[in-house]
Amino acid sequence: MAALEGRYDYKTAEPALQRGWDESGIYRFDPQRAGPHFTVDTPPPTVSGRIHVGHVYSYTHADIMIRYHRMKGEPVFYPFGFDDNGLPTEIFTENSMGIRARDVGRRAFIEACLSLSQQVEGQFERFWKRLGLSVDWRLVYSTIDDRSRRISQAAFLHLLEGDNVYRQESPTLWCTTCQTGVAQADVEDKTGVQSLFTTFPFALDGGGEILIATTRPELLAACVAVFVHPDDARYKDVVGRTARTPIFDQAVPVLADPRADPEKGSGAVMCCTFGDVTDVAWWRDHKLPLRIALTEDGHMNALAGAYQGLTVREARRRVLEDLRDAGLIRSQVAIEHTVGVHERGGHDLEFLVTRQWFVKLLEHKDRWLDAGRRIRWHPEHMRSRYENWIEGLNWDWNISRQRYYGVPFPVWYCRACERIIPAGAAQLPVDPQETPPPVSACPACGGTDFEPDPDVMDTWATSSVTPQICGSLLEPFGITPADFDARFRPMSLRPNAHDIIRTWDFYTVVRSLYATGDIPWTDVLISGHALDPSGKKISKSKLRTAEDPMPMLEQFSADAVRYWASSVRTGGDTNLSEEVFRNGSKLVTKLWNASKFALSHIESGAPAAGVAPDLNASDRWLLARLHEVIRRSTAAMEEYEFAIAKGETERFFWTDLCDNYLELIKLRLYGGATGRNGQAAGAGSGAPGPATDGAAPDGSGARYVLAQALPAVIKLLAPFLPHITDAIYGAGLGGAGPTSVHVAPWPVAPADWDDAAARTGGEAIIQVVDAVRRWKAERKLSVGAPVGSVRVICPPERRAALESARLDLLGVTRAQELLIEDAPAGEALGVAVAPVAGDALASPSR
RNA sequence: GGGCACGUAGCUCAGUUGGUUAGAGCGCUACCUUGACAUGGUAGAGGUCCGGGGUUCGAGUCCCUGCGUGCCCACCA
């Protein structure tokens, strides 16, 4: 074996190792190798945001699990993607380049989006490599590339054939800034919005009035009814009468509906088309007329009369002024409430009646829920996020966006009869605005005038078919999509952070069930969020500056950052902590130094493979502990509890192996009978020299154990710290086997290491060591200071272990003699230490 | 308002199916340049396991309840 020399310099070592991985192709997927395979539906990060520590956190989690499965011998399919289509990219492009899509025109804007995303993707790939992800970089897609557009369009046409998608004109969530319809999942809460809750009267036909209260007086022009609760005694006589809106003097009916809350405001509410979801429901259920007062860009239209052309906010102020001037405001209170806004930019949302494509969700809620139960969630409780979302769904999924940069709908419409003309499979990917339909005449009416669909798909409509896109990446390797489905679906793993359970995970399940009837993957790994050092969510402005993770990798090493990322229980949030980075760096250094030491002894006399020499109690203890650690660590990895696995190994390495075992065996390693300061190591019995009870004084037992324990620790930590472990492994730990630890087999402990008696025996040995160390510490002596005698009174059943480790105990305690005596029945182990030179002050230390 | 987590040492967290005296790292204190490592080692101080009930021979762990924190959802007149 080669020795490790000098110090480990991660700054040069990490990039060099990464180049080596690239060149040797150890992460390349071989689809021909027999299963079970481990196939990963990697999250394509959106190019519209910078990479931030949150990415580092969750991508590291996935990579750890992937490396584990690779070491288990499973062929690993680990592709990578970039999400660069759709509205997020458009907004990113508009903001980065200071342009507006509607100003520069469709074609030019698409070009701008493409060039910007390509630039960003290059930076992203360099970053992921620098973090040490074990991606097969031959398998890369972007959600706007030809392949993804083709697959996305084909999947849409498949939905169309199955009647699982429909086009309908109906009230839709609408972003007045982006000027597009959006989906329920695109809405996020904005808290602390200041509003005025104003009460004013509607006159009742036949006399009297009814007070209504609203925060949206500008929608008065869109009022179509007034609702009260059917049990509200105040309004019993009013129901069925006609009210007249102030200012506009529109006649509207007063209706009863249990959704009106008697506790709120005056208990009477105006229903407008549309102020909120309830309005939509009322409009639908009570078959009310449509009275739209808003334009698509958030201004008042002609219906608003004098207010036409004003923005919603201006109109609101003006209507209130006019009501006040008319003396109609009965009360007004300032309130702070939460409103739903478009999550891309926090823009105001309205409900407008528009024509959109919807994927059916509501009528199959049971199927989605059932699929969620067939998928293993890690941690398990994250499934309830998925279920809650489905249970709360109110709308089918609007997948059309009135924008430019995305996957077009591969359909045309007959202008004569509105028949939908789908693209032919051979045409895909297709932009219907630039390509004629596959037929020259409408099959329904014979019409020859066609209108291309003007919209593009929601970005999730494409990223929800990533399993199909992933599969297509293997076409150059002779795997057809049908092969892929048959052999590799459901895929093994979907890793992502918890904020996109309701979108990416949910939509992918839906699309997979529609496409194949089966779940998309068997396991989902959910990561929490990385928080700033004080535990707060990292703000967007901060993400762009202080928390840029590339300098972090350079300052602390990729291994140290990965150490941090893998220190918290699966699914948990964590704080950014330089302290933990430093601990990671320390572990890296310690691994290097301990390995340097161990290797220098293994190479000078490693026993032949498979031949176990005589082992003493220390040796058997270490192997028994190693067995336990391998078992626990493997069990934790199987459950995706990587932090627990890492913690087990780390404690074993640092405490058992380094602090105790390596110290115990030094005397044996350095030459047996002759210890430091020329003292006779075996002097206790008065007879220097030969072995005690099976402990080979030449250290072959210790070297054998080191030769087992070191590679095992290196392998157990390899998924977490891929660089330092491979640097050490490369010094020769692999023997004639693989040259990289990352394709070496995950450790398996022989059953005969599992030895409960060896563990308790070892604990007795450590007790003696600890007692002597404490004795020295109390006297402010160096750990290496010699002592006269160590007298151990121990339970008889522990005696054999201590005798067996006599040489080790003499070495680590620097005692001139070690006396072992039986304790009376039931008494615990005790240790008494006497100073050198027969000093009478022997002191019990326990 | 509903759901899901969480609340253990100054800080960050671990604590298997209930089982002796509740653990680790960091920080703190004292000491030690020991032959792999001072990015090290040894020892020490530090906890009414959020509060209150209950089950049990026994509760950090199980049940009920209260309080607090975070996230998701709903509400949005």
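Below, chains carry the letters A, B, ... as their sequence lines are ordered, and counting in each starts from 1.
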May I have the distance from [X] (atom [atom1]) to [N] (atom [atom2]), rounded to whole angstrom?
X         : N      : atom1 : atom2 : result
Glu663(A) : G40(B) : CD    : P     : 15 Å
Leu669(A) : C37(B) : CG    : C1'   : 16 Å
Trp775(A) : G44(B) : CH2   : P     : 16 Å
Asn593(A) : G41(B) : CG    : C1'   : 13 Å
Phe653(A) : C37(B) : CZ    : P     : 14 Å
Arg259(A) : G1(B)  : CZ    : P     : 23 Å
Leu662(A) : U34(B) : CG    : C1'   : 14 Å
Lys590(A) : C37(B) : NZ    : P     : 10 Å

Searching all strands shown, indicate the nucleotide that pairs with [N] (Watson-Crick or G-U wobble; both distances under 3.5 Å).
N      : result
U20(B) : none
U29(B) : A43(B)
G60(B) : none

Protein-to-nucleotide contact annotation, 5' to 3' order, nucleotides 3-18 of chain B [B base; S sugar-phosphate only; - none; under 4.0 Å, heavy atom]: SSSS-------SS---
Under 4.0 Å, heavy atoms only, any strand: does [X] hit a base, just the sugar-phosphate, or nothing?
X         : result
Lys264(A) : base
Glu387(A) : nothing
Ala213(A) : sugar-phosphate
Trp654(A) : sugar-phosphate
Cys658(A) : base
Phe197(A) : sugar-phosphate
Thr589(A) : base
Glu578(A) : nothing
Trp592(A) : nothing
Thr278(A) : sugar-phosphate
Asp499(A) : nothing
Gly340(A) : base

In whole Å, measure the gap between the [atom1] atoms of [N] and [M] for me.
N      : M      : atom1 : result
U21(B) : G15(B) : C1'   : 16 Å
G2(B)  : A14(B) : C1'   : 32 Å
C13(B) : G47(B) : C1'   : 14 Å
G40(B) : C26(B) : C1'   : 16 Å
U17(B) : A24(B) : C1'   : 23 Å
A45(B) : G27(B) : C1'   : 13 Å
C6(B)  : U12(B) : C1'   : 14 Å
G60(B) : G52(B) : P     : 13 Å

Stacked cation flag Lys666(A) on Tyr661(A), 6.0 angstrom / 45 deg: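 Lys666(A) over Tyr661(A) ring: no.
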Lys646(A) to Tyr563(A), cation-pi by 6.0 Å centre distance and 45° axis angle: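 Yes, cation above the ring, under 6.0 Å and within 45°.
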Worked check of side-chain hydrogen bond (donor to acceptor under 3.5 Å, both in side chains) between Thr570(A) and His378(A): CA-CA 7 Å; Thr570(A) 303; His378(A) 309 283; over 6 Å; no
Closest non-hydrogen atom pair between Leu721(A) and Asp559(A), with its separation: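 Where Leu721(A) meets Asp559(A) most closely, the heavy atoms are CD2-O, 3.3 Å.
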Contacts of Glu218(A) that satisfy side-chain hydrogen bond (donor to acceptor under 3.5 Å, both in side chains) - sequence neighbours left out: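 By the side-chain hydrogen bond (donor to acceptor under 3.5 Å, both in side chains) rule, Glu218(A) matches Arg216(A), Arg316(A).
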Side chain of Asp659(A) - closest among A43(B), G41(B), A74(B):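 Given the options A43(B), G41(B), A74(B), the side chain of Asp659(A) is closest to G41(B).
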Residues in ring-ring contact (aromatic ring centres under 6.0 Å, His included) contact with Phe351(A), at least two apart in sequence or another chain: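 Here the qualifying residues are Trp395(A).
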Set of ring-ring contact (aromatic ring centres under 6.0 Å, His included) partners for Tyr10(A), sequence neighbours left out: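 Partners of Tyr10(A) under the ring-ring contact (aromatic ring centres under 6.0 Å, His included) test: none.
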5' precedence on RNA chain B between Phe227(A) and Arg7(A) (nearest-nucleotide basis):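 Nearest nucleotide further toward 5': that of Arg7(A).
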Arg774(A) vs U42(B): side-chain N/O to OP1/OP2 distance below 4.0 Å: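 For U42(B), neither OP1 nor OP2 has a side-chain N or O of Arg774(A) closer than 4.0 Å.
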From CA spacing to verdict: ring-ring contact (aromatic ring centres under 6.0 Å, His included), Trp564(A), Tyr57(A): CA-CA 8 Å; Trp564(A) 161 78; Tyr57(A) 193 53; 5.5 Å; yes
Listed once per pair and sorted, the side-chain hydrogen bond (donor to acceptor under 3.5 Å, both in side chains) pairs that draw on residues 254-273 of chain A, sequence neighbours left out: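 Every pair satisfying side-chain hydrogen bond (donor to acceptor under 3.5 Å, both in side chains) with a residue in residues 254-273 of chain A: Asp257(A)-Arg259(A), Asp257(A)-Trp282(A), Asp257(A)-His286(A), Arg259(A)-Asp285(A).
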Protein N or O to nucleotides 29-31 of chain B N or O, pairs below 3.5 Å:
from	atom 1	to	atom 2	distance (Å)
A30(B)	O2'	Lys780(A)	NZ	2.8

Check: Trp377(A) ring centroid to Tyr386(A) ring centroid under 6.0 Å: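 Judged by ring-centre distance (under 6.0 Å), Trp377(A) and Tyr386(A) do meet the cut-off.
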Geometric class of the Phe506(A)/Trp368(A) ring pair [parallel <30°, tilted 30-60°, perpendicular >60°]: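 Geometry flag for Phe506(A) against Trp368(A): perpendicular rings.
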Arg373(A), CZ atom: more than 12 neighbouring heavy atoms under 6.0 Å: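 More than 12 heavy atoms, drawn from other residues, nucleotides or ligands, come within 6.0 Å of this atom.
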